[in-house]
Enquirer: 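Here it is, the structure in full.
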2 protein chains.
Amino acid sequence: MRDIAGSVGIQQSAIYNHFPSKQQLLVDLMESHMRRLLDAMHNAVGTWGSPVERLVAFTRFHVTYHIDQPEDVFLAYMELRSLETDGRAAVVPLRDAYEATLRAILADGAASGEFRISEPSVVSKALLAMMTGVTVWFRDDGRLDRDAVADTYVQTALQAVGADT
Amino acid sequence: MRDIAGSVGIQQSAIYNHFPSKQQLLVDLMESHMRRLLDAMHNAVGTWGSPVERLVAFTRFHVTYHIDQPEDVFLAYMELRSLETDGRAAVVPLRDAYEATLRAILADGAASGEFRISEPSVVSKALLAMMTGVTVWFRDDGRLDRDAVADTYVQTALQAVGADT
DNA sequence: TCCGCCCAAGAACGAGTGTTCACCTGACAT
DNA sequence: ATGTCAGGTGAACACTCGTTCTTGGGCGGA
């Protein structure tokens, strides 16, 4: 709390004029992060298009977003476990809604025969973990830039669901 | 430290008869975990066999091991960032060696044309994150048991590297 | 039997934590 | 001009943290 206050140029005690507690501040932070992520994703993916097109859009969006905002995402994933029950109730549904979008894409593709997957709900969690993991190792001065990395993840995700022939 | 001491039935101060500091205790814990993981993996995978066979063995091992020892793995992944420089120097090479095994499998498969991947080093990190993510959601009383989940991950990994036709 | 020596207990330390309180200040509506 | 009030300050609180120190008991070797 002292660090946060210092980084915005006020005293620790002044934070409590805006947030009732550290827990609530964390909940607000994570909730607004998840809402921004959801909005941006819906903007980038939409509901039109084939499962392949939507999976490409989703993957490219998720990877580039996570590369561009690594600290937001890191905090949101890392601190989910330190939310108490009321905070969880506010954040977890947003996270589920996000995952549900990917799961729907996979289920559509599986139903139409374009994807070769037996368990969409497992594969959606697997792909999400795979894509999110990019934040752990990506460096701006690395050999591959964000677009090249995103391309690699798109190809890998497409192959993972058996979309290629 | 008080919790750890309590869970083994001694006082907090008695810990310091065995470990010089909390940092060193964490380093020892993570180092021994990584060594056990590496040994078990080398046992399960080996160097014989085709890239496909080795990838199957690696994936099945990694997923089931992480399902069976979730708390060890969770701690090892979560607390890597809280290791100071000397601790990192002891643990990171072990982690790199583990990933190098997967990367070698992928590179072999790519070289022989059995795998369709353009960036083995990226894909190895992607697959590792995908497999490790199973600890986040797997529950013993879930719809799928560990073997069924492992099968799903094996299929997904194989498809991800383009091993299927 | 006595001597070292692990290894444990218990109290205390200094530093850091989230939070509260009384007080002050400056802008705005009346 | 005056009263209101959101929003700041600085000190203090109760507590937890990792760590240190003194003390003492039990056990094996001489």
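Throughout, a chain's letter reflects where its sequence line sits, starting with A, and its residues are numbered from 1.
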Enquirer: Would B/Leu102 and B/Leu55 count as a side chain to side chain contact (heavy atoms under 4.5 Å, CB included) if you check the C-alpha gap in whole Å, the side-chain angles of each, and the deciding distance to 0.1 Å?
Expert: CA-CA 7 Å; B/Leu102 176 58; B/Leu55 179 58; 3.8 Å; yes
Enquirer: Hey, can you tell me if A/Phe58 and A/His62 have their rings parallel, tilted or perpendicular (30° and 60° cut-offs)?
Expert: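 Geometry flag for A/His62 against A/Phe58: parallel rings.
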Enquirer: Strictly by salt bridge (charged side-chain N to carboxylate O under 4.0 Å, His left out), give each pair with a member in residues 101-112 of chain A just once, sequence neighbours left out.
Expert: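 For residues 101-112 of chain A: A/Arg54-A/Asp108, A/Glu99-A/Arg103.
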Enquirer: Run the side chain to side chain contact (heavy atoms under 4.5 Å, CB included) test against B/Ala97 and tell me which residues pass, sequence neighbours left out.
Expert: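 B/Leu38.
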Enquirer: Please identify each residue that fulfils salt bridge (charged side-chain N to carboxylate O under 4.0 Å, His left out) with A/Arg35, with sequence neighbours left out.
Expert: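 Counting only residues at least two positions away or on another chain, A/Arg35 forms a salt bridge (charged side-chain N to carboxylate O under 4.0 Å, His left out) with A/Glu31.
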Enquirer: Quick one: side chains of residues 133-140 of chain A, donor-acceptor pairs under 3.5 Å with protein atoms, not counting sequence neighbours, listed by atom name and distance.
Expert:
unit_1   : atom_1 : unit_2   : atom_2 : d
A/Thr135 : OG1    : A/Thr132 : O      : 3.0
A/Trp137 : NE1    : A/Tyr153 : OH     : 3.3

Enquirer: Could you check whether A/Gln23 and A/Ser21, counting side-chain N and O atoms only, form a donor-acceptor pair closer than 3.5 Å?
Expert: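 Result is no, nothing qualifies.
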Enquirer: Are any of the side-chain nitrogens in B/Arg143 or A/Glu119 under 4.0 Å away from the carboxylate oxygens of its partner?
Expert: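 So B/Arg143 pairs with A/Glu119 through a salt bridge.
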Enquirer: Would you please confirm or rule out a distance under 4.0 Å between OP1 or OP2 of D/dG8 and any side-chain N or O of A/His18?
Expert: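 It does, given that an N or O in the side chain of A/His18 lies less than 4.0 Å from OP1 or OP2 of D/dG8.
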Enquirer: With side chain to side chain donor-acceptor pair (under 3.5 Å) as the rule and sequence neighbours excluded, what pairs involving residues 80-91 of chain B come up?
Expert: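 Only B/Glu79-B/Ser82 qualify under side chain to side chain donor-acceptor pair (under 3.5 Å).
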Enquirer: Who pairs with A/His33 by side-chain hydrogen bond (donor to acceptor under 3.5 Å, both in side chains), at least two apart in sequence or on another chain?
Expert: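 Applying side-chain hydrogen bond (donor to acceptor under 3.5 Å, both in side chains) to A/His33 gives none.
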Enquirer: Linking Ile, Leu, Val, Met, Phe, Trp and Tyr through side-chain heavy atoms less than 4.5 Å apart, which residues share a cluster with B/Ile10?
Expert: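 Hydrophobic cluster check, B/Ile10: joined to B/Met1, B/Ile4, B/Val8, B/Ile15, B/Tyr16, B/Phe19, B/Leu25.
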Enquirer: Quick test: give all pairs of protein nitrogen or oxygen and nucleotides 22-29 of chain D nitrogen or oxygen below 3.5 Å, distance rounded to 0.1 Å.
Expert:
none

Enquirer: Please identify the 5'-most and 3'-most nucleotides of DNA chain C with any atom under 4.0 angstrom from a heavy atom of chain B.
Expert: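 Counting from the 5' end, contacts occupy C/dC7 to C/dA12.
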Enquirer: Among residues 79-87 of chain B, which ones have heavy-atom contacts with DNA chain D below 4.0 Å?
Expert: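 Heavy-atom cutoff 4.0 Å gives no residues at all.
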Enquirer: Determine, for nucleotides 13-19 of chain D in 5'-to-3' order, which nucleotides have protein heavy atoms under 4.0 Å from the base (write B), from only the sugar-phosphate (write S), or from neither (write -).
Expert: ----BBB
Enquirer: Which pairs, with at least one residue in residues 58-68 of chain A and sequence neighbours excluded, count as a salt bridge (charged side-chain N to carboxylate O under 4.0 Å, His left out)?
Expert: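 Every pair satisfying salt bridge (charged side-chain N to carboxylate O under 4.0 Å, His left out) with a residue in residues 58-68 of chain A: A/Arg60-A/Asp151, A/Asp68-A/Arg146.
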